[in-house]
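The block underneath contains the structure these notes are about, expressed in structure tokens.
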Amino acid sequence: MSNVYKSAQEKYAKYGIDTEKVIKTALSVPLSMHCWQGDDVGGFETPDAELSGGGIQTTGNFPGKARNVAELRADIDEAAKYIPGKLRLNLHAIYGEFGGKKVERDQIDFSHFKGWVDWCKSRKMGIDFNPTFFSHPLAADGFTLSHKDRKVRKFWIDHGIACRKIAEKIGKALSDTVITNFWMPDGYKDLPADRLAPRKRMEESLDEIFAVKINKKYDKDSVECKLFGIGSESYVVGSHEFFMGYAVKNNTLLTLDSGHFHPTEQIADKISSMLLFVPEILLHVSRGVRWDSDHIVLFDDATNAIMQEIVRCGALNRVHIGMDFFDASVNRITAWALGMRSARKCILAALLDPVAQMRKAENAWDFGSRLALMEEAKTMPFAAVWDELCERENIPSGLEMIDSIKAYERDVLLKR
Ligand code: RNT
Ligand code: ZN
């Protein structure tokens with residue numbers, strides 16, 4: 001235990017905060033690691049899926065992206081070396097092991113994910129799941145579950161059902177609860193003449209998917225809204241109001257992606273409201289930059305505000321924290337590690353806040369002291385506690401991490 005940490009511990013103790021307890025809690029919060037940062041959301045379908053017709057776009061051409069399951073696993077292992085605390089793995093349906101065969105998305109089953117289950121088991125990682133409603137010829141019109149053509153809708157409905165069944169089996173195999181997230185890119189580039197009909201079709205399709213009984217002990221469904229995407233600038237079927245309404249009406253989880261709202265709108269303030277009306281929340285922690293929703297997460301105000309809200313609502317067990325960023329312009333391992341370390345840092349910082357004192361001031365109508373305490377918290381010796389947390393977990397410090405990832409880049413990534 002370093003002297004710097006000891007002195008920090010004393011300072012926090014003056015505010016009634018036990019840094020030892022905080023470190024343990026911060027490490028115990030699961031972060032769901034999105035597999036898609038490793039290969040730019042490509043997946044391993046045969047023939048190679050193309051990133052077209054779906055509003056998902058990764059930019060950048062940093063060398064060495066994972067080309068197959070084995071490489072992706074090696075990269076996840078490498079990134080995990082730098083991320084302290086409990087991890088889950090968030091898989092998209094296109095990341096199955098299809099044995100070099102073409103398996104249509106409405107035909108996928110648990111066997112394609114059995115390898116991932118074993119792999120995650122040996123790493124004590126839980127799994128989360130996502131049907132993939134993009135990068136497919138039947139998504140090329142920009143519509144899936146709300147497509148005008150019943151045949152197209154049916155294909156995607158069957159995909160959604162197949163994914164829920166897979167997720168349930170994964171949950172059973174891991175004695176855990178998988179969260180399956182539904183995000184559909186459906187929308188129009190330009191002004192629609194009919195905004196209602198696609199939304200009605202989307203609702204009916206989702207109803208059909210969720211009508212299939214799944215054991216909630218093993219799988220829970222979540223729905224994700226978005227304001228706009230590339231190619232769906234004017235209208236997204238699954239808007240915030242659509243999915244907030246859908247989740248409340250149907251008692252599903254609601255996914256809040258930090259990059260899916262107006263540029264100045266933040267999701268932190270939404271958490272306390274939604275906790276009153278939906279059973280649980282899934283977060284896609286990301287960083288919106290102008291029109292892009294998927295930059296690498298940082299230790300910034302928006303992410304700190306999110307984690308503060310979860311902690312202050314006492315909702316660490318009802319808000320599931322998943323990552324959703326993808327950057328192909330930097331080393332992908334760095335992207336993963338940096339983004340997820342930042343998320344963990346924000347959790348730690350939120351747990352170190354003197355909330356009890358702030359609330360005391362608030363309840364006494366003493367808003368000056370409340371604000372002063374919030375300011376005070378910002379310059380408390382947070383870094384000393386973070387370093388201690390990393391050291392105890394044998395996680396390299398920031399600078400060591402950069403050197404170590406550079407070595408992996410030289411020895412592994414650049415040889416691909
Ligand atoms: C897209 C959504 C969605 C995807 C992943 C890959 O805007 O955020 O969550 O990023 O499913
Ligand atoms: Zn998302």
Side-chain angles (χ1 to χ4, degrees), residues 31-45 49-59 65-66 72 88-96 105 127-136 139 142 144-145 156 159-160 163 167 178-187 221-233 235-240 242-243 247 253-263 265 267 270 281-297 302-303 306 319-328 332 335-336 339-340 343:
L31 294 181
S32 195
M33 180 172 186
H34 52 318
C35 73
W36 52 91
Q37 165 59 62
D39 76 327
D40 313 339
V41 212
F44 304 125
E45 284 181 325
E50 266 175 47
L51 276 182
S52 63
I56 284 253
Q57 201 169 29
T58 316
T59 52
K65 80 167 171 191
L72 187 65
R88 302 173 63 79
L89 182 66
N90 199 2
L91 286 174
H92 244 282
I94 50 176
Y95 288 82
R105 289 195 200 168
I127 292 181
D128 295 307
F129 205 63
N130 303 258
T132 311
F133 293 98
F134 50 83
S135 307
H136 190 278
T144 61
L145 289 180
W156 291 114
H159 176 57
C163 286
V178 174
I179 296 180
T180 301
N181 182 54
F182 284 76
W183 173 71
M184 284 67 57
D186 301 32
D221 306 298
S222 197
V223 289
E224 181 180 11
C225 74
K226 190 167 179 171
L227 178 66
F228 73 93
I230 294 173
S232 62
E233 288 83 359
Y235 169 77
V236 167
V237 179
S239 63
H240 177 48
F242 179 88
F243 274 128
L253 276 65
L254 182 72
T255 304
L256 296 171
D257 184 311
S258 24
H260 282 196
F261 294 85
H262 283 277
E265 190 177 355
I267 63 167
K270 302 178 190 303
I281 292 172
L282 170 63
L283 295 183
H284 271 186
V285 184
S286 182
R287 178 166 53 103
V289 176
R290 303 191 195 282
W291 57 83
D292 179 64
S293 62
D294 304 299
H295 278 60
I296 300 166
V297 169
T303 316
I306 291 169
V319 181
H320 306 274
I321 307 174
M323 302 292 122
D324 189 10
F325 51 83
F326 30 101
D327 190 335
R332 294 170 185 81
W336 252 326
M340 296 192 69

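Worth knowing before you read on, the calculation uses all heavy atoms, side chains too, and leaves out hydrogens, waters and symmetry mates. All ligand and atom numbering here is 1-based and tracks the order in the structure.
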Any nitrogen or oxygen of [X], side chain or backbone, less than 3.5 Å from one on ligand 1?
| X | answer |
| --- | --- |
| Glu224 | yes |
| Asp324 | yes |
| Trp36 | no |

Checklist entry - So do Phe133 and Asp186 actually touch side chain to side chain, heavy atoms under 4.5 Å? => result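 When only atoms from C-beta onward are counted, Phe133 and Asp186 do not touch, as no gap falls below 4.5 Å.
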Item to check | Ring center gap for His260 and Phe228 short of 6.0 angstrom | outcome: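 No.
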Checklist entry - Which of these, Met184, His284, Lys226, has its nearest heavy atom closest to atom 7 (O) of ligand 1? => result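 Closest candidate by heavy-atom distance is Lys226.
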Item to check | Asp292 bridged to Arg287 by N-O distance under 4.0 Å | outcome: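 A salt bridge is absent here (no side-chain N lies under 4.0 Å from a carboxylate O).
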Item to check | Ion pair Asp128/Arg88, N-O distance below 4.0 Å | outcome: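 Looking at Arg88 together with Asp128, the answer is yes, because their closest N to O distance falls below 4.0 Å.
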Next on the checklist: Cation-pi check for Phe261 against Lys270: NZ or CZ below 6.0 Å from the six-membered ring centre and within 45 degrees of the axis, yes or no?
Outcome noted: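 Yes; both conditions hold, so Lys270 lies above the ring face of Phe261.
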Item to check | Test item, His260 contacting ligand 1 (heavy atom, 4.0 angstrom) | outcome: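 Contact check His260 vs ligand 1: positive.
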Next on the checklist: Testing Glu224, Met184, Lys226 one by one against Phe243 for a side-chain contact (heavy atoms from CB on, under 4.5 Å), which residue passes?
Outcome noted: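 By the side-chain contact (heavy atoms from CB on, under 4.5 Å) criterion, Phe243 pairs with just one of Glu224, Met184, Lys226: Met184.
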Checklist entry - Any donor-acceptor pair under 3.5 Å linking the side chain of Trp336 with the backbone of His34? => result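 The answer is yes, because a donor-acceptor pair under 3.5 Å joins these two groups.
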Minimum-distance atom from the Zn ion (ligand 2) among N, O or S atoms of [X]:
| X | value |
| --- | --- |
| Asp257 | OD2 |
| His284 | ND1 |
| Glu224 | OE2 |
| Asp324 | OD2 |

Next on the checklist: With heavy-atom distances below 4.0 Å as the criterion, list the atoms of ligand 1 near His92.
Outcome noted: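 Per the distance check, 5 (C), 6 (C), 11 (O).
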